[in-house]
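Encoded as structure tokens, the structure appears first; notes follow it.
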2 protein chains.
Amino acid sequence: MFSKTCEYAIRALLYIAQQSDAGHKVGFRQIAQAIDAPEPFLAKILQDLTRKGLLQSAKGPNGGFFVAAMDISLAAVVRAIDGDKLFSGCGLGLPNCSETNPCPIHQQFKSVRAQIQKMLQSSTIGDFNDLIAQGLVRLKSA
Amino acid sequence: MFSKTCEYAIRALLYIAQQSDAGHKVGFRQIAQAIDAPEPFLAKILQDLTRKGLLQSAKGPNGGFFVAAMDISLAAVVRAIDGDKLFSGCGLGLPNCSETNPCPIHQQFKSVRAQIQKMLQSSTIGDFNDLIAQGLVRLKSA
DNA sequence: TAAATAAAAGATATTTTTGTCTTTTATTTA
DNA sequence: TAAATAAAAGACAAAAATATCTTTTATTTA
């Protein structure tokens, strides 16, 4: 569904959002530990998210990552990392699949895509702060 | 959503099903042409599908690929090629995500997965024979 | 039985994704 | 201002997915 990169990005943002909510900046090592991601790979992803404005960073002592806007949708994150193939692409990979030129599963797929989009559009990175803080949901396995 | 391999596999099976329905065996070159897939790559996929029993093949003159069972579900095809990650995996990639140990989007994802599964389970490779024969749906772009 | 046909199998190549390591730049604070 | 801190940037490496090419095996038919 999502690329590994995108999975790490979402998990990282949810963690940083919760930490920001609690008033803390966090370094990438701490984030990597919290979401169980490879440190240098995650660092690249965080750089990318920062460049794209979904995340803020501060250098130097007491620096780290934090989020300024809790109302960024998960759809925006997915779009930033994986593009909008998930939201608009053909299920069978046809470049010019459309209503007038449909693949066999065009209609069925359209409705699946709509549900996915609805789900991702209606959740924001800040929506899970409390659940995460209370330990009711997890961002890593171990 | 699906791997490229899986997209080719579905498109190929739908084409072969329709051709079988019309009483024709088809060679892999013809299939590649009909669904716009790289010939040798497709050949590998067809071999795999044949080994797994989703497809039949005959060697020699007048040989080619054909399907014996029109009632194979698209879900079975996806499962054979991409495994059941799509049907049972965690949206955020957590290996042991579960009801009692959920990721933040566990419930939402569950419902999306159910809809995808329903869609793929309720369509078979033979369901599109007529639409394809009539040219009302497409298996390639050009 | 020989020739032609077509899939099967095996080896190899390319591209993309995922992951790692090192150096540089910016910021803070003592 | 110097030292420490932490992200940014760049080069590199490994693995997986995608794609290609050649040889072998099985089948049919003339």
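These numbers come from the heavy atoms of this one structure, side chains and all, not from hydrogens, waters or symmetry mates.
Under the Watson-Crick or G-U wobble criterion, with both distances below 3.5 Å, dC12(D) is paired with dG19(C). When both pairing distances are held under 3.5 Å, dA3(D) makes a Watson-Crick or G-U pair with dT28(C). Nucleotide dT22(D) has dA9(C) as its partner under the Watson-Crick or G-U criteria, with both atom distances under 3.5 Å.
One atom, CG of Asp48(B), and another, C1' of dT18(D), lie 14 Å apart when rounded to the nearest Å. Atom pair Leu55(B):CG and dA6(C):C1' shows a separation of 14 Å (rounding to whole Å applied). Between Glu39(A) atom CD and dA6(D) atom C1' there is a gap of 13 Å when expressed in whole angstrom units. Distance CE (Met1(B)) to P (dA17(D)): 18 Å, rounded to an integer number of Å. Distance CD (Gln47(A)) to C1' (dC21(C)): 13 Å, rounded to an integer number of Å. Between Leu49(B) atom CG and dA7(C) atom C1' there is a gap of 14 Å when expressed in whole angstrom units. Atom CD of Gln30(A) and atom P of dA7(D) are 10 Å apart (whole Å). Between the CG atom of Leu46(A) and the C1' atom of dA6(D) there is a distance of 12 Å, rounded to whole Å.
Checking dA8(C), dT20(C), dT29(C) against the side-chain heavy atoms of Phe65(B) singles out dA8(C) as nearest. You'll find that the side chain of Lys59(B) is closest to dA26(D), out of dA26(D), dT20(C), dA8(D). Comparing atom distances between the Lys44(B) side chain and each of dA7(D), dA9(C), dA7(C) picks out dA9(C) as nearest. Comparing atom distances between the Thr50(A) side chain and each of dG19(C), dA8(C), dA8(D) picks out dA8(D) as nearest. In the set dT20(D), dT27(C), dA4(C), dA4(C) carries the atom at the smallest distance from any side-chain atom of Pro61(B).
Considering all non-hydrogen atoms of both residues, Pro104(B) and Phe128(A) come closest at O-CE2, 3.4 Å. When every heavy atom of Ala9(B) is checked against every heavy atom of Ile45(B), the shortest pair comes out as CB-CG2, 3.8 Å. Looking at every heavy atom in both residues, Ile125(B) comes nearest to Ala69(B) through CD1-O, 3.6 Å.
Not one side-chain nitrogen or oxygen of Ser57(B) sits closer than 4.0 Å to the OP1 or OP2 atom of dA6(C). Residue Tyr8(B) has no polar side-chain atom (N or O) positioned under 4.0 Å from OP1 or OP2 of dT18(D). For dT17(C), neither phosphate oxygen OP1 nor OP2 lies less than 4.0 angstrom from any side-chain nitrogen or oxygen of Thr5(A).
Comparing Gly60(B) and Gly64(A) by the nucleotide of DNA chain D that holds the closest heavy atom to each, the one mapping nearer the 5' end is Gly64(A). Residues Arg51(B) and Gly63(B) each lie close to DNA chain C; by heavy-atom proximity, the contact nearer the 5' end of the strand is made by Gly63(B).
Among the protein residues, Ala58(B) comes within range of the sugar-phosphate backbone only, with heavy atoms under 4.0 Å from sugar or phosphate atoms but none that close to a base. Backbone-only engagement by Pro38(B) is indicated by non-hydrogen atom pairs under 4.0 Å involving sugar-phosphate atoms exclusively.
With rounding to the nearest 0.5 Å, the separation of SG in Cys97(B) from CG in Leu92(B) is 7.5 Å.
Between the side chains of Thr124(A) and Asp127(A), a donor-acceptor pair is found at a separation under 3.5 Å. Under 3.5 Å, the side chains of Glu99(A) and Gln107(A) contain a donor-acceptor pair of N or O atoms.
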